[in-house]
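What follows is one structure encoded as structure tokens, with my remarks underneath.
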Amino acid sequence: MKRLLPGILAAVALAPGLVALAGSGAAAGDDSVPADPVVAAGAELYAWNCAVCHGATGGGIEEARLAFPEDDRRCTRCHKPSNRIVQPLDQPFVDNDMFSVGEPPALHPTQERPLALAGTLSPEALFTYLRETMPRYDPGRLTDDEYRALTAFLLDMNGRPAEMPDAAGP
């Protein structure tokens, strides 16, 4: 775990940058706060809960691995494919026996995957999918409002801000 700490800290350090990138088409390096506070909250939640597996910009596991030391980028030393999928943080765990990472996809269209869930699912379906399955290691650990904020952020990331759920949500 000590060897992985730099990668985890690097992923967490991305939080302010993600907030700056979210919403209103903010460009990289733009330190402005998103105009929509829900999207800004979603960006911060994404940085803390999602970026470690899906990458800082939603590029998927290949992007996320770049935050880790080179010899830990395959994630199989601790996250063996045969390990259990769910590993709630309130239960004890042993180093080298962490949840199976799987293959976290890109969250926006890429050349390899032109259809991304956040780019194609209805806002209600995306919210439900997130709430029931994410984060992979402890699904449902966030509040409904937090999942709504993540939904809004992912919709915004995919150029769908007009489809964002309202506060009452699904």
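Computed over heavy atoms, backbone and side chain alike; hydrogens, waters and symmetry mates excluded. Numbers for residues simply follow the sequence, beginning at 1.
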With sequence neighbours excluded, residues passing side chain to side chain contact (heavy atoms under 4.5 Å, CB included) with Leu117: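 Leu117: side chain to side chain contact (heavy atoms under 4.5 Å, CB included) contacts with Leu121, Tyr129.
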Side chain to side chain contact (heavy atoms under 4.5 Å, CB included) partners for Ser122, two or more places apart: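 Checked Ser122 against side chain to side chain contact (heavy atoms under 4.5 Å, CB included); matches are Glu124, Ala125.
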Do [X] and [Y] make a side-chain contact, defined as non-hydrogen atoms from C-beta onward lying under 4.5 Å apart?
X      : Y      : answer
Glu63  : Thr57  : yes
Pro161 : Asp36  : no
His54  : Pro105 : yes
Met134 : Leu150 : no

Side chain to side chain contact (heavy atoms under 4.5 Å, CB included), paired with Phe153, selected from Val39, Leu107, Val38: Val39
Let me confirm one number: the [atom1]-[atom2] distance from [X] to [Y], rounded to the nearest 0.5 Å.
X      : Y      : atom1 : atom2 : value
Glu44  : Asn49  : CD    : CG    : 10.0 Å
Ile61  : Leu66  : CD1   : CG    : 10.0 Å
Arg131 : Leu142 : CZ    : CG    : 11.5 Å

Taking all non-hydrogen atoms of both residues into account, name the closest pair between [X] and [Y] and its distance.
X      : Y      : answer
Arg160 : Pro123 : NH2-CD, 4.0 Å
Gly55  : Ala64  : N-CB, 3.5 Å
Pro109 : Ala116 : N-CB, 3.8 Å

For Asn158, side chain to side chain donor-acceptor pair (under 3.5 Å) partners two or more places apart: none
Expected output: side-chain Tyr147 to main-chain Gly140 donor-acceptor under 3.5 Å: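 Indeed, once roles are kept as given, a pair shorter than 3.5 Å links the two residues.
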